[in-house]
Number of protein chains: 2
Amino acid sequence: MPKTIESVGEFGLIDILKKYSFHQSNIIKGIGDDTAVLYYNGQRHLLYTADMVCEGVHFTRKMPAYAIGHKAMGCNISDIAAMGGLPTFALVSLGLPKSLPVSYVEDLYKGMYELGKKFNVSVVGGDTVAAKQIVINVALLGEVACEDLVTRKGALPGDWIMTTGALGRAWKTDKHTSFTPRVEESRFLVKHFKPNAMIDVSDGLTADLGHILEESEVGACLYENEIPRNPGATLKDALYDGEDFELLFTMSETKAKTLMEWQAKNKRWFFYSIGRIQKDKGLFLADRKGAMVALKPKGFTHF
Amino acid sequence: MPKTIESVGEFGLIDILKKYSFHQSNIIKGIGDDTAVLYYNGQRHLLYTADMVCEGVHFTRKMPAYAIGHKAMGCNISDIAAMGGLPTFALVSLGLPKSLPVSYVEDLYKGMYELGKKFNVSVVGGDTVAAKQIVINVALLGEVACEDLVTRKGALPGDWIMTTGALGRAWKTDKHTSFTPRVEESRFLVKHFKPNAMIDVSDGLTADLGHILEESEVGACLYENEIPRNPGATLKDALYDGEDFELLFTMSETKAKTLMEWQAKNKRWFFYSIGRIQKDKGLFLADRKGAMVALKPKGFTHF
């Protein structure tokens, strides 16, 4: 029996495929962060990312086309935000069954266009091809000033772990198709409180925090009492559900305290402190009784 | 009955979707050429393109995965070549059924990687998601010196119409999955014989020449006797088949004659003169007997 991709899993497959990428001097970050980071000029980097969504897996025709478009564009904008950058230009590739109503495709496009417009993202090209099921791929470029770049690597022991919003059950509500990518929050943070590490919560809190821990070679402890949850979400939902598209970031205690004071005063956006980075590896949860429970980073994977 | 995309056709759909693109000052060319052209710096432009291929429409599992990968990467590199540029960085998005053997995905990737490597293209990211059928989207960046940029617009009456190779039946042979994108030829041309207009033959000779004529607001006459054909290809095949991925370009008679002399002497690459641009609109064929036949630009469309 040949080994299937289901048996090696999504991250196993990515590890295998990483072999087929060769380094060039102007690649600052290749595969393995929210976006690729490319040399642009002495002042700025180019950010470059793509996400694909498929009918029957990520969405069904029962969902409004506008919402699907919003999500396809939004998850890419969120990736750019996770690097501290601003999105710029998108390419939209659509695989479409011939029998699809034109109005459906227009609604899909409107969802992408209207969210894109809010963040100054223009669709400058792409592809439209026949397909048996609807497939949408959005490729997105962005830019970031060199000094504003934040990656998954850089979290330091003692850092506070923070998030921009509540977690859990997003994909059971309309949050996953109507969320606002945290571009404004990201830009505010990199300009005034430069986080040490950042990612967006797309696979789930423990899975995405796991990426920061792995890249930064540190461990973490989350505080059950402090994790903000979406309406109806259990602790488990908040830890393991994906698609919240909130930012998850770490910064020094001094900065974090100043940020919380700023927020208490200005009442703008939401920033929650939900745990601490620690030197010893592993991911733990301090539960309501103060006991430490070991967590396994896991979340949504495709295979 | 709602209007379906089949009823408006591929180009009708693109016209509808163009509404949902807004202009920004740093977009030099948006939707409507082989790639988007974006402001980069005073010396160079960024080129940006994407192509999607779907199982059951563009390929079947009977075809070698390596060949499919080659094609998915190659058609994008060909688009960059058609603008006079050099490809740089790719994002590969894969939609994959869970039951697919890992070896299949590796072969697909090898096909992309090996062709990419030849042209210094690194895969720097992308997406891997579950899908019911295999879908591949490659997004590709490139660069071109501002003075080397060639678009579909610019063909002038009197220009010779030229191509880099034989046409027809590519998709019935292995040419469509093993072609070499004409990057070297393109670079040679823009550096020494700057064409007035250029495109790659992906939809078919008359369809792609039609794009040049439309953008340049001119007409053309093709010479039946001069159109080079792939083995077994009829005139009809050469006029209407797609997927040859040869360059189709126009330049002044003086330049074209010098190019043909250069080639006769150096025996490098292939350049064929196949017709003339004329002021009066329309597309004609001078047949073997010298009679003029009106042609309708048509080729492969998805819907």
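First the proteins, then the strands, lettered A, B, ... as listed; each starts at 1.
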- Task: Run the numbers on A:D51 and B:S93 for side-chain contact (heavy atoms from CB on, under 4.5 Å), then give the verdict.
- Result: CA-CA 7 Å; A:D51 273 286; B:S93 301; over 6 Å; no
Nearest 0.5 Å please: distance from the [atom1] atom of [X] over to the [atom2] atom of [Y].
X     : Y     : atom1 : atom2 : value
B:S99 : A:E6  : OG    : CD    : 8.0 Å
B:T88 : A:Y39 : OG1   : OH    : 14.5 Å
A:M52 : B:L91 : CE    : CG    : 11.5 Å
B:L94 : A:L13 : CG    : CG    : 7.5 Å

Region of [X] in contact with chain A, defined by heavy-atom distances below 4.5 Å:
X      : answer
B:V135 : both
B:Y40  : both
B:T49  : backbone

Below 4.5 Å, heavy-atom pairs only: which of [options] has the largest tally toward chain B?
options               : value
A:N120, A:I14, A:V123 : A:N120
A:I27, A:D33, A:L17   : A:L17
A:N26, A:T35, A:V37   : A:N26

- Report the C-alpha distance between A:V53 and B:V129 in whole Å, list the side-chain angles of each, state the deciding distance to 0.1 Å, and finish with yes or no for side-chain contact (heavy atoms from CB on, under 4.5 Å). CA-CA 8 Å; A:V53 289; B:V129 301; over 6 Å; no
So which of [options] has the biggest tally of heavy-atom pairs under 4.5 Å with chain A?
options                : answer
B:G125, B:S103, B:P101 : B:P101
B:S122, B:A139, B:A36  : B:S122
B:K117, B:E114, B:M112 : B:K117

Strictly distance-based, threshold 3.5 Å: is any side-chain N or O of [X] a donor or acceptor partner for the main-chain N or O of [Y]?
X      : Y      : result
A:Y48  : B:F89  : yes
A:N137 : B:N137 : no
A:T4   : B:L100 : no

- Task: Taking atom NZ of B:K18 as the centre, report whether more than 12 heavy atoms of other residues, nucleotides or ligands fall under 6.0 Å from it.
- Result: yes
- Just wondering, are more than 12 heavy atoms of other shown residues or ligands nearer than 6.0 Å to CD in B:E147? yes
- Geometric class of the B:Y113/A:Y20 ring pair [parallel <30°, tilted 30-60°, perpendicular >60°]: perpendicular
Below 4.5 Å from any heavy atom of chain B, which atoms of [X] appear? Answer side chain, backbone, both or neither.
X      : result
A:S21  : both
A:V121 : backbone
A:L38  : side chain

- Verify side-chain contact (heavy atoms from CB on, under 4.5 Å) between A:I16 and B:V105, making sure each step is shown before the conclusion. CA-CA 10 Å; A:I16 291 167; B:V105 187; over 6 Å; no
- Query: Who are the side chain to side chain contact (heavy atoms under 4.5 Å, CB included) partners of B:D107, not counting sequence neighbours?
  - Reply: B:A65, B:K110
- Under 4.5 Å between any side-chain heavy atoms of B:V124 and A:I31, yes or no? no
- Exercise: identify the closest heavy-atom pair between B:A130 and A:C54: O-SG, 4.0 Å
- Message: Quick test of your reading of the model: are A:E106 and B:K19 salt-bridged, counting only N-O distances below 4.0 Å?
- Response: yes
